[in-house]
Amino acid sequence: MVPPPSTPSLDSQQIQQFLSSVLSQRGPSSLPYTEDSKWLIRQHLLSLTSRYPSLQPKTATFTHNDGRSVNLLQADGTVPMPYQGVTYNIPIIIWLIESYPRYPPVVYVNPTRDMIIKRPHPHVSPSGLVSIPYLQNWIYPSSNLVDLVINLGSAFSHDPPLYSQRRSNPNPNPPNYGQQQQPPPPRVAAAGYPPSPYGRAQPSQTEDAAEVYKRNAVNKLVEMVHGDIIKMRKEREAEMEGLFSAQGVLRKREEEVNKGLKEMQDEKEALEQQLQVVLMSTDVLAGWVRENEGKIKNLGKNNDSVDVDEVFHCADVLSKQMLDCTAADLAIEDVVYSLDKALQEGAVPFDQYLRNVRLLSREQFFHKATAAKVRAAQMQAQVASMAARAPHSHYAP
(Lines give C-alpha, C1' and ligand atoms only; values in the text may rest on other atoms or scores of the structure.)
Protein backbone atom coordinates (compact mmCIF):
# COMPACT_ATOMS: atom_id res chain seq x y z
CA MET A 1 0.00 0.00 0.00
CA VAL A 2 3.03 2.28 0.29
CA PRO A 3 6.13 2.55 -1.86
CA PRO A 4 9.40 1.28 -0.46
CA PRO A 5 11.49 3.94 1.30
CA SER A 6 13.33 6.24 -1.06
CA THR A 7 16.48 6.25 1.08
CA PRO A 8 18.81 3.35 0.41
CA SER A 9 18.57 0.57 3.00
CA LEU A 10 21.56 -0.41 5.07
CA ASP A 11 23.45 -3.54 4.13
CA SER A 12 23.98 -6.42 6.53
CA GLN A 13 27.38 -5.26 7.72
CA GLN A 14 26.17 -1.72 8.40
CA ILE A 15 23.20 -3.07 10.34
CA GLN A 16 25.48 -5.25 12.44
CA GLN A 17 27.77 -2.32 13.16
CA PHE A 18 24.80 -0.11 14.05
CA LEU A 19 23.29 -2.66 16.44
CA SER A 20 26.64 -3.43 18.05
CA SER A 21 27.23 0.27 18.57
CA VAL A 22 23.88 1.20 20.10
CA LEU A 23 23.62 -1.94 22.26
CA SER A 24 27.15 -1.53 23.66
CA GLN A 25 26.67 2.06 24.79
CA ARG A 26 26.98 2.79 28.50
CA GLY A 27 25.95 5.69 30.67
CA PRO A 28 22.95 7.99 30.31
CA SER A 29 22.73 7.41 26.55
CA SER A 30 22.53 3.60 26.83
CA LEU A 31 19.39 1.76 25.79
CA PRO A 32 17.23 0.49 28.69
CA TYR A 33 17.60 -3.23 27.95
CA THR A 34 19.05 -5.79 30.34
CA GLU A 35 22.57 -7.00 29.58
CA ASP A 36 21.49 -10.65 29.30
CA SER A 37 18.88 -9.79 26.63
CA LYS A 38 20.94 -7.50 24.34
CA TRP A 39 22.51 -10.38 22.43
CA LEU A 40 19.09 -11.94 21.74
CA ILE A 41 17.67 -8.55 20.66
CA ARG A 42 20.56 -8.16 18.22
CA GLN A 43 19.95 -11.63 16.77
CA HIS A 44 16.21 -10.99 16.39
CA LEU A 45 16.78 -7.73 14.50
CA LEU A 46 19.47 -9.24 12.27
CA SER A 47 17.17 -12.15 11.37
CA LEU A 48 14.32 -9.72 10.70
CA THR A 49 16.32 -7.43 8.39
CA SER A 50 17.78 -10.44 6.58
CA ARG A 51 14.31 -11.83 5.89
CA TYR A 52 12.56 -8.49 5.35
CA PRO A 53 15.01 -5.82 4.10
CA SER A 54 12.17 -3.28 3.98
CA LEU A 55 12.27 -3.14 7.81
CA GLN A 56 15.25 -1.18 9.10
CA PRO A 57 16.40 -0.91 12.75
CA LYS A 58 16.49 2.57 14.24
CA THR A 59 16.50 4.29 17.61
CA ALA A 60 13.76 6.77 18.48
CA THR A 61 11.94 8.23 21.46
CA PHE A 62 8.93 6.27 22.65
CA THR A 63 6.35 7.89 24.95
CA HIS A 64 4.49 5.62 27.34
CA ASN A 65 0.87 6.12 28.37
CA ASP A 66 2.01 7.59 31.69
CA GLY A 67 4.04 10.29 29.90
CA ARG A 68 7.47 8.72 30.32
CA SER A 69 9.79 9.10 27.32
CA VAL A 70 12.56 6.63 26.64
CA ASN A 71 14.95 5.95 23.79
CA LEU A 72 14.19 2.52 22.28
CA LEU A 73 15.00 0.40 19.26
CA GLN A 74 12.40 0.11 16.52
CA ALA A 75 11.98 -1.67 13.20
CA ASP A 76 10.49 0.85 10.78
CA GLY A 77 9.30 -0.06 7.29
CA THR A 78 6.70 -2.15 5.52
CA VAL A 79 5.47 -5.73 5.69
CA PRO A 80 4.11 -7.58 2.64
CA MET A 81 0.36 -8.32 2.62
CA PRO A 82 -1.14 -10.51 -0.12
CA TYR A 83 -4.71 -9.55 -0.95
CA GLN A 84 -6.79 -10.75 -3.91
CA GLY A 85 -3.75 -11.83 -5.88
CA VAL A 86 -1.83 -8.60 -5.26
CA THR A 87 0.90 -8.04 -2.66
CA TYR A 88 0.66 -4.69 -0.85
CA ASN A 89 3.17 -3.14 1.59
CA ILE A 90 1.67 -2.12 4.92
CA PRO A 91 3.71 0.53 6.78
CA ILE A 92 4.35 -0.42 10.41
CA ILE A 93 6.64 0.40 13.31
CA ILE A 94 7.73 -2.33 15.72
CA TRP A 95 8.87 -0.88 19.03
CA LEU A 96 11.12 -3.07 21.21
CA ILE A 97 10.04 -2.00 24.69
CA GLU A 98 12.28 -2.23 27.76
CA SER A 99 11.06 -5.70 28.76
CA TYR A 100 11.64 -7.21 25.30
CA PRO A 101 12.15 -10.11 24.51
CA ARG A 102 10.50 -11.48 27.65
CA TYR A 103 7.40 -9.51 26.72
CA PRO A 104 6.07 -8.78 23.22
CA PRO A 105 6.96 -5.64 21.29
CA VAL A 106 4.50 -2.84 20.61
CA VAL A 107 3.38 -2.70 16.96
CA TYR A 108 1.73 0.29 15.31
CA VAL A 109 0.33 0.69 11.82
CA ASN A 110 1.93 3.85 10.42
CA PRO A 111 -0.39 5.21 7.70
CA THR A 112 0.77 7.93 5.33
CA ARG A 113 -1.17 11.13 4.72
CA ASP A 114 -3.07 9.42 1.89
CA MET A 115 -4.24 6.50 4.06
CA ILE A 116 -6.96 5.94 6.63
CA ILE A 117 -7.19 3.23 9.28
CA LYS A 118 -10.24 1.08 8.79
CA ARG A 119 -12.82 1.47 11.57
CA PRO A 120 -13.65 -0.81 13.18
CA HIS A 121 -10.88 -3.34 12.64
CA PRO A 122 -10.46 -6.56 14.65
CA HIS A 123 -6.70 -6.17 15.08
CA VAL A 124 -5.96 -2.43 14.76
CA SER A 125 -7.25 0.28 17.10
CA PRO A 126 -8.09 3.78 15.84
CA SER A 127 -4.71 4.93 17.14
CA GLY A 128 -2.94 2.32 15.00
CA LEU A 129 -2.03 -0.08 17.83
CA VAL A 130 -1.92 -3.65 16.54
CA SER A 131 -3.16 -6.59 18.60
CA ILE A 132 -3.01 -10.03 17.02
CA PRO A 133 -3.05 -13.47 18.72
CA TYR A 134 0.70 -13.92 18.18
CA LEU A 135 1.39 -10.83 20.31
CA GLN A 136 -1.14 -11.88 22.95
CA ASN A 137 0.36 -15.36 23.16
CA TRP A 138 4.00 -14.25 23.09
CA ILE A 139 6.21 -16.99 24.59
CA TYR A 140 9.77 -16.28 25.63
CA PRO A 141 12.25 -17.29 24.22
CA SER A 142 10.67 -19.06 21.23
CA SER A 143 8.74 -16.04 19.88
CA ASN A 144 10.66 -13.73 17.55
CA LEU A 145 10.25 -10.81 15.13
CA VAL A 146 10.33 -12.85 11.91
CA ASP A 147 7.38 -14.98 12.99
CA LEU A 148 5.63 -11.80 14.17
CA VAL A 149 5.89 -10.20 10.69
CA ILE A 150 4.65 -13.44 9.09
CA ASN A 151 1.61 -13.43 11.39
CA LEU A 152 1.02 -9.71 10.74
CA GLY A 153 0.91 -10.29 6.97
CA SER A 154 -1.43 -13.25 7.44
CA ALA A 155 -3.79 -11.33 9.73
CA PHE A 156 -3.84 -8.24 7.49
CA SER A 157 -4.47 -10.33 4.38
CA HIS A 158 -7.83 -11.43 5.80
CA ASP A 159 -8.86 -7.88 6.66
CA PRO A 160 -6.55 -5.07 5.46
CA PRO A 161 -6.21 -2.33 8.10
CA LEU A 162 -5.68 0.62 5.71
CA TYR A 163 -7.35 2.08 2.67
CA SER A 164 -6.62 5.10 0.49
CA GLN A 165 -8.71 8.23 0.79
CA ARG A 166 -9.94 10.52 -2.05
CA ARG A 167 -7.75 13.48 -2.79
CA SER A 168 -9.18 16.95 -3.24
CA ASN A 169 -6.85 17.67 -6.21
CA PRO A 170 -6.13 14.40 -7.94
CA ASN A 171 -2.58 14.02 -9.18
CA PRO A 172 -2.43 12.94 -12.81
CA ASN A 173 0.44 10.62 -11.84
CA PRO A 174 -0.82 8.60 -8.84
CA PRO A 175 1.92 7.28 -6.58
CA ASN A 176 2.82 3.62 -6.59
CA TYR A 177 1.68 2.00 -3.37
CA GLY A 178 4.06 -0.87 -3.33
CA GLN A 179 2.33 -3.64 -5.25
CA GLN A 180 4.86 -6.33 -5.85
CA GLN A 181 2.57 -7.69 -8.60
CA GLN A 182 1.08 -5.02 -10.85
CA PRO A 183 -2.75 -5.39 -10.87
CA PRO A 184 -4.71 -4.89 -14.08
CA PRO A 185 -5.71 -1.26 -14.74
CA PRO A 186 -9.05 -0.29 -13.16
CA ARG A 187 -12.04 0.13 -15.36
CA VAL A 188 -13.20 3.21 -13.45
CA ALA A 189 -13.04 6.26 -15.68
CA ALA A 190 -12.06 8.64 -12.89
CA ALA A 191 -8.36 7.98 -12.52
CA GLY A 192 -6.05 9.54 -9.96
CA TYR A 193 -7.04 7.59 -6.81
CA PRO A 194 -4.35 5.47 -5.11
CA PRO A 195 -4.89 1.70 -5.27
CA SER A 196 -6.45 0.16 -2.20
CA PRO A 197 -7.37 -3.41 -1.17
CA TYR A 198 -10.90 -2.11 -0.73
CA GLY A 199 -11.08 -0.47 -4.15
CA ARG A 200 -11.87 3.20 -4.48
CA ALA A 201 -12.97 4.92 -1.29
CA GLN A 202 -16.59 5.94 -1.14
CA PRO A 203 -17.44 9.60 -0.64
CA SER A 204 -17.56 10.54 2.98
CA GLN A 205 -20.97 10.88 4.48
CA THR A 206 -22.13 12.54 7.66
CA GLU A 207 -22.03 9.95 10.43
CA ASP A 208 -24.68 9.64 13.08
CA ALA A 209 -23.53 10.93 16.47
CA ALA A 210 -24.99 7.87 18.19
CA GLU A 211 -23.00 5.55 15.92
CA VAL A 212 -19.82 7.50 16.59
CA TYR A 213 -20.43 7.36 20.34
CA LYS A 214 -21.19 3.65 20.14
CA ARG A 215 -18.05 2.95 18.14
CA ASN A 216 -15.88 4.97 20.53
CA ALA A 217 -17.41 3.18 23.51
CA VAL A 218 -16.75 -0.21 21.95
CA ASN A 219 -13.15 0.75 21.20
CA LYS A 220 -12.70 1.95 24.76
CA LEU A 221 -14.13 -1.30 26.13
CA VAL A 222 -11.86 -3.31 23.86
CA GLU A 223 -8.81 -1.39 25.09
CA MET A 224 -9.88 -1.85 28.72
CA VAL A 225 -10.43 -5.58 28.23
CA HIS A 226 -7.08 -5.85 26.48
CA GLY A 227 -5.40 -4.05 29.40
CA ASP A 228 -7.10 -6.35 31.90
CA ILE A 229 -5.98 -9.40 29.91
CA ILE A 230 -2.40 -8.18 29.90
CA LYS A 231 -2.56 -7.53 33.64
CA MET A 232 -4.02 -10.98 34.33
CA ARG A 233 -1.38 -12.55 32.12
CA LYS A 234 1.41 -10.83 34.04
CA GLU A 235 -0.11 -11.97 37.34
CA ARG A 236 -0.39 -15.56 36.08
CA GLU A 237 3.19 -15.47 34.80
CA ALA A 238 4.42 -14.21 38.17
CA GLU A 239 2.42 -16.94 39.89
CA MET A 240 3.87 -19.55 37.51
CA GLU A 241 7.40 -18.32 38.18
CA GLY A 242 6.75 -18.69 41.91
CA LEU A 243 5.43 -22.20 41.37
CA PHE A 244 8.45 -23.09 39.24
CA SER A 245 10.75 -21.82 42.00
CA ALA A 246 8.87 -23.86 44.60
CA GLN A 247 9.08 -26.88 42.31
CA GLY A 248 12.84 -26.47 42.05
CA VAL A 249 13.16 -26.30 45.86
CA LEU A 250 10.99 -29.38 46.26
CA ARG A 251 13.04 -31.31 43.72
CA LYS A 252 16.23 -30.39 45.55
CA ARG A 253 14.74 -31.54 48.84
CA GLU A 254 13.57 -34.74 47.17
CA GLU A 255 17.12 -35.44 46.04
CA GLU A 256 18.42 -34.80 49.56
CA VAL A 257 15.78 -37.10 51.09
CA ASN A 258 16.54 -39.84 48.55
CA LYS A 259 20.25 -39.49 49.25
CA GLY A 260 19.68 -39.73 53.02
CA LEU A 261 17.38 -42.73 52.57
CA LYS A 262 19.99 -44.51 50.46
CA GLU A 263 22.67 -43.85 53.09
CA MET A 264 20.37 -45.25 55.80
CA GLN A 265 19.66 -48.34 53.71
CA ASP A 266 23.40 -48.90 53.15
CA GLU A 267 24.03 -48.48 56.87
CA LYS A 268 21.22 -50.95 57.64
CA GLU A 269 22.73 -53.53 55.29
CA ALA A 270 26.18 -53.07 56.89
CA LEU A 271 24.70 -53.51 60.39
CA GLU A 272 22.86 -56.63 59.29
CA GLN A 273 26.11 -58.09 57.96
CA GLN A 274 27.87 -57.27 61.24
CA LEU A 275 25.00 -58.86 63.18
CA GLN A 276 25.31 -61.97 61.03
CA VAL A 277 29.02 -62.19 61.84
CA VAL A 278 28.36 -61.70 65.56
CA LEU A 279 25.66 -64.37 65.58
CA MET A 280 27.94 -66.81 63.78
CA SER A 281 30.77 -66.11 66.22
CA THR A 282 28.38 -66.60 69.14
CA ASP A 283 27.29 -69.93 67.68
CA VAL A 284 30.93 -71.03 67.31
CA LEU A 285 31.78 -70.02 70.89
CA ALA A 286 28.67 -71.74 72.27
CA GLY A 287 29.66 -74.95 70.44
CA TRP A 288 33.17 -74.73 71.84
CA VAL A 289 31.85 -74.28 75.38
CA ARG A 290 29.59 -77.32 75.00
CA GLU A 291 32.45 -79.44 73.71
CA ASN A 292 34.84 -78.46 76.52
CA GLU A 293 32.36 -78.36 79.38
CA GLY A 294 33.24 -81.96 80.47
CA LYS A 295 36.94 -81.21 80.46
CA ILE A 296 36.44 -78.30 82.83
CA LYS A 297 34.58 -80.53 85.31
CA ASN A 298 37.35 -83.17 85.21
CA LEU A 299 39.97 -80.52 85.89
CA GLY A 300 38.02 -79.41 88.92
CA LYS A 301 37.99 -82.93 90.40
CA ASN A 302 41.73 -83.49 89.97
CA ASN A 303 42.83 -80.01 91.02
CA ASP A 304 46.08 -81.19 92.66
CA SER A 305 47.40 -82.94 89.58
CA VAL A 306 46.62 -80.18 87.06
CA ASP A 307 49.49 -79.39 84.71
CA VAL A 308 49.39 -75.83 83.46
CA ASP A 309 50.74 -76.86 80.06
CA GLU A 310 48.04 -79.46 79.73
CA VAL A 311 45.11 -77.15 80.47
CA PHE A 312 44.83 -75.93 76.88
CA HIS A 313 45.17 -78.21 73.89
CA CYS A 314 45.59 -76.93 70.38
CA ALA A 315 42.79 -77.91 68.05
CA ASP A 316 44.95 -78.09 64.94
CA VAL A 317 48.47 -77.60 63.62
CA LEU A 318 47.94 -73.89 62.91
CA SER A 319 46.79 -73.26 66.47
CA LYS A 320 49.80 -75.10 67.91
CA GLN A 321 52.15 -73.15 65.64
CA MET A 322 50.47 -69.87 66.68
CA LEU A 323 50.82 -70.80 70.35
CA ASP A 324 54.52 -71.63 69.97
CA CYS A 325 55.29 -68.45 68.06
CA THR A 326 53.39 -66.25 70.52
CA ALA A 327 55.07 -67.91 73.53
CA ALA A 328 58.52 -67.52 71.98
CA ASP A 329 57.79 -63.85 71.14
CA LEU A 330 56.70 -63.06 74.70
CA ALA A 331 59.64 -65.02 76.16
CA ILE A 332 62.11 -63.04 74.07
CA GLU A 333 60.36 -59.84 75.18
CA ASP A 334 60.93 -60.85 78.81
CA VAL A 335 64.60 -61.71 78.13
CA VAL A 336 65.21 -58.32 76.52
CA TYR A 337 63.57 -56.61 79.48
CA SER A 338 65.82 -58.56 81.86
CA LEU A 339 68.89 -57.61 79.82
CA ASP A 340 67.86 -53.95 80.08
CA LYS A 341 67.68 -54.25 83.84
CA ALA A 342 71.05 -56.02 84.00
CA LEU A 343 72.64 -53.33 81.85
CA GLN A 344 71.28 -50.59 84.10
CA GLU A 345 72.69 -52.39 87.18
CA GLY A 346 76.07 -52.99 85.49
CA ALA A 347 75.82 -56.76 85.58
CA VAL A 348 76.24 -57.13 81.80
CA PRO A 349 78.85 -55.36 79.65
CA PHE A 350 77.50 -53.05 77.02
CA ASP A 351 78.98 -54.87 74.02
CA GLN A 352 77.63 -58.20 75.20
CA TYR A 353 74.23 -56.56 75.77
CA LEU A 354 74.16 -55.27 72.18
CA ARG A 355 75.19 -58.65 70.75
CA ASN A 356 72.49 -60.53 72.68
CA VAL A 357 69.80 -57.98 71.88
CA ARG A 358 70.68 -58.17 68.18
CA LEU A 359 70.42 -61.96 68.16
CA LEU A 360 67.18 -61.96 70.17
CA SER A 361 65.60 -59.28 67.98
CA ARG A 362 66.40 -61.28 64.85
CA GLU A 363 64.80 -64.39 66.36
CA GLN A 364 61.80 -62.40 67.61
CA PHE A 365 61.26 -60.94 64.12
CA PHE A 366 61.03 -64.41 62.56
CA HIS A 367 58.55 -65.54 65.26
CA LYS A 368 56.34 -62.49 64.67
CA ALA A 369 56.41 -62.96 60.89
CA THR A 370 55.46 -66.61 61.26
CA ALA A 371 52.64 -65.67 63.67
CA ALA A 372 51.29 -63.12 61.16
CA LYS A 373 51.19 -65.73 58.37
CA VAL A 374 49.51 -68.25 60.67
CA ARG A 375 46.94 -65.66 61.75
CA ALA A 376 46.08 -64.90 58.10
CA ALA A 377 45.66 -68.61 57.36
CA GLN A 378 43.41 -69.02 60.42
CA MET A 379 41.24 -66.07 59.37
CA GLN A 380 40.83 -67.52 55.89
CA ALA A 381 39.89 -70.90 57.32
CA GLN A 382 37.42 -69.30 59.76
CA VAL A 383 35.71 -67.34 56.98
CA ALA A 384 35.38 -70.49 54.87
CA SER A 385 33.94 -72.39 57.86
CA MET A 386 31.41 -69.61 58.63
CA ALA A 387 30.34 -69.47 55.00
CA ALA A 388 29.79 -73.22 54.99
CA ARG A 389 27.71 -73.09 58.18
CA ALA A 390 25.66 -70.03 57.23
CA PRO A 391 22.82 -71.88 55.42
CA HIS A 392 22.32 -74.16 58.50
CA SER A 393 22.38 -71.37 61.08
CA HIS A 394 19.14 -70.66 62.94
CA TYR A 395 20.08 -66.99 63.20
CA ALA A 396 20.22 -66.39 59.48
CA PRO A 397 17.60 -63.81 58.39
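Distance alone, capped at 3.5 Å, places no donor-acceptor pair between the D147 side chain and the S143 backbone. In this structure, the side chain of S99 does not engage the main chain of Y103 through any donor-acceptor pair within 3.5 Å. A donor-acceptor pair under 3.5 Å links the side-chain atoms of N137 to the main chain of P133, judged by distance alone. S157 contributes a side-chain N or O that, together with a main-chain N or O of S154, makes up a donor-acceptor pair within less than 3.5 Å. Within the 3.5 Å criterion, the main-chain N or O of E241 finds a donor-acceptor partner in the side chain of S245.
One distance of note links CG of L55 with CD1 of I92; it measures 5.5 Å at 0.5 Å rounding. Interatomic distance, K58 NZ to Q56 CD, rounded to the nearest 0.5 Å: 8.0 Å. Taking CG from L48 and CG from L145, the interatomic distance works out to 5.5 Å, rounded to the nearest 0.5 Å. Here L23 contributes atom CG and W39 contributes atom CH2; the two are 12.5 Å apart, rounded to the nearest 0.5 Å. Of the inter-residue distances, the one linking Q16 atom CD with S21 atom OG reads 13.5 Å to the nearest 0.5 angstrom. Expressed to the nearest 0.5 Å, how far CE of M240 lies from CZ of F244 amounts to 4.0 Å.
Looking at every heavy atom in both residues, Q74 comes nearest to A60 through NE2-CB, 3.8 Å. The nearest pair of heavy atoms linking A371 to M322 is O-CE, 3.1 Å. In terms of heavy atoms, L148 sits closest to P105 at CD2-CG, 3.7 Å. Taking all atoms of both residues into account, the shortest heavy-atom contact from S127 to I117 is C-CD1, 4.3 Å. Shown here for D159 and H121, the closest heavy-atom pair between the two residues is O-NE2, 2.5 Å. D76 and I93 get closest at one heavy-atom pair: OD1-CG1, 3.6 Å.
Side chains of D36 and T34: a donor-acceptor N/O pair is present below 3.5 angstrom, by distance only. No hydrogens or angles considered: nothing links the side chains of S37 and R102 as a donor-acceptor pair under 3.5 Å. No donor-acceptor contact under 3.5 angstrom links the side chains of Y83 and H158, judged on distance only. Looking at D329 and T326, their side chains never bring a donor and an acceptor atom within 3.5 Å of each other.
We find that E263 and K268 are not joined by a salt bridge, their nearest charged nitrogen and carboxylate oxygen being 4.0 Å or further apart. Under 4.0 Å is where a charged nitrogen must lie from a carboxylate oxygen, and between D316 and K320 no such pair does.
Between H123 and S131, every side-chain heavy-atom pair lies at or beyond the 4.5 Å cut-off. Between Y100 and I41 the shortest side-chain heavy-atom distance falls below 4.5 Å. Residues I150 and R51 have side chains in contact (heavy-atom distance under 4.5 Å, counting atoms from C-beta outward). Taking 4.5 Å as the limit, every side-chain heavy atom of Y33 sits out of range of all side-chain heavy atoms of I97. Side-chain contact between F18 and P57 is present, with heavy atoms from C-beta onward closer than 4.5 Å. Looking at heavy atoms from C-beta onward, M81 lies out of side-chain contact with T87 at the 4.5 angstrom threshold. A heavy-atom distance below 4.5 Å is found between the side chains of L40 and H44. Counting heavy atoms from C-beta on, the side chains of L162 and V109 come closer than 4.5 Å.
Within 6.0 Å of CG on D66 lie more than 12 heavy atoms contributed by other residues, nucleotides or ligands. Around the CD atom of Q13, the shell of radius 6.0 Å holds no more than 12 heavy atoms that belong to other residues, nucleotides or ligands. For R113, the CZ atom is loosely surrounded, since the number of other residues' heavy atoms within 6.0 Å does not exceed 12.
Hydrophobic clustering places F350 together with V357 (ILVMFWY residues linked when any side-chain heavy atoms are closer than 4.5 Å, directly or through intermediates). Under the 4.5 Å side-chain heavy-atom criterion for grouping Ile, Leu, Val, Met, Phe, Trp and Tyr, V383 is not connected to V277 through any hydrophobic cluster. Under the 4.5 Å side-chain contact rule for hydrophobic residues, V107 and V70 share a cluster. The hydrophobic clustering, which links ILVMFWY residues whose side-chain heavy atoms are closer than 4.5 Å, places Y140 and L45 apart. Linking ILVMFWY residues whenever their side-chain heavy atoms come closer than 4.5 Å, directly or via other members, leaves L330 and V336 in distinct clusters.
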Original post:
Given the rule in the side-chain hydrogen bond (donor to acceptor under 3.5 Å, both in side chains) test, do R68 and T63 qualify, once you have shown the distances and angles that lead to the verdict?
Top reply: CA-CA 6 Å; R68 292 184 298 110; T63 303; over 6 Å; no

Original post:
Would Y52 and T78 satisfy side-chain contact (heavy atoms from CB on, under 4.5 Å), going step by step from the backbone distance to the final call?
Top reply: CA-CA 9 Å; Y52 298 99; T78 60; over 6 Å; no

Original post:
Going through the distances and angles, do L31 and N71 end up as a side-chain contact (heavy atoms from CB on, under 4.5 Å)?
Top reply: CA-CA 6 Å; L31 297 177; N71 194 30; 3.8 Å; yes

**OP:** Apply side-chain contact (heavy atoms from CB on, under 4.5 Å) to the pair D114 and S164, showing each step before the final yes or no.
**Re:** CA-CA 6 Å; D114 300 330; S164 301; 5.7 Å; no

**OP:** Please step through side-chain contact (heavy atoms from CB on, under 4.5 Å) for the pair L72 and T59, ending with a clear verdict.
**Re:** CA-CA 6 Å; L72 298 177; T59 56; over 6 Å; no

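Taking the six-membered ring for Trp and thresholds of 30 and 60 degrees, Y108 and F62 have ring planes inclined between 30 and 60 degrees apart.
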May I have the list of side-chain donor-acceptor pairs in residues 216-236 shorter than 3.5 Å, sequence neighbours left out?
| residue | atom | partner | partner atom | Å |
| --- | --- | --- | --- | --- |
| N216 | ND2 | V212 | O | 3.2 |
| N219 | ND2 | R215 | O | 3.2 |
| R233 | NE | E237 | OE2 | 3.1 |
| R233 | NH1 | Q136 | O | 2.8 |
| R233 | NH2 | W138 | O | 2.2 |
| R236 | NE | E239 | OE1 | 3.1 |
| R236 | NH2 | E239 | OE1 | 3.4 |

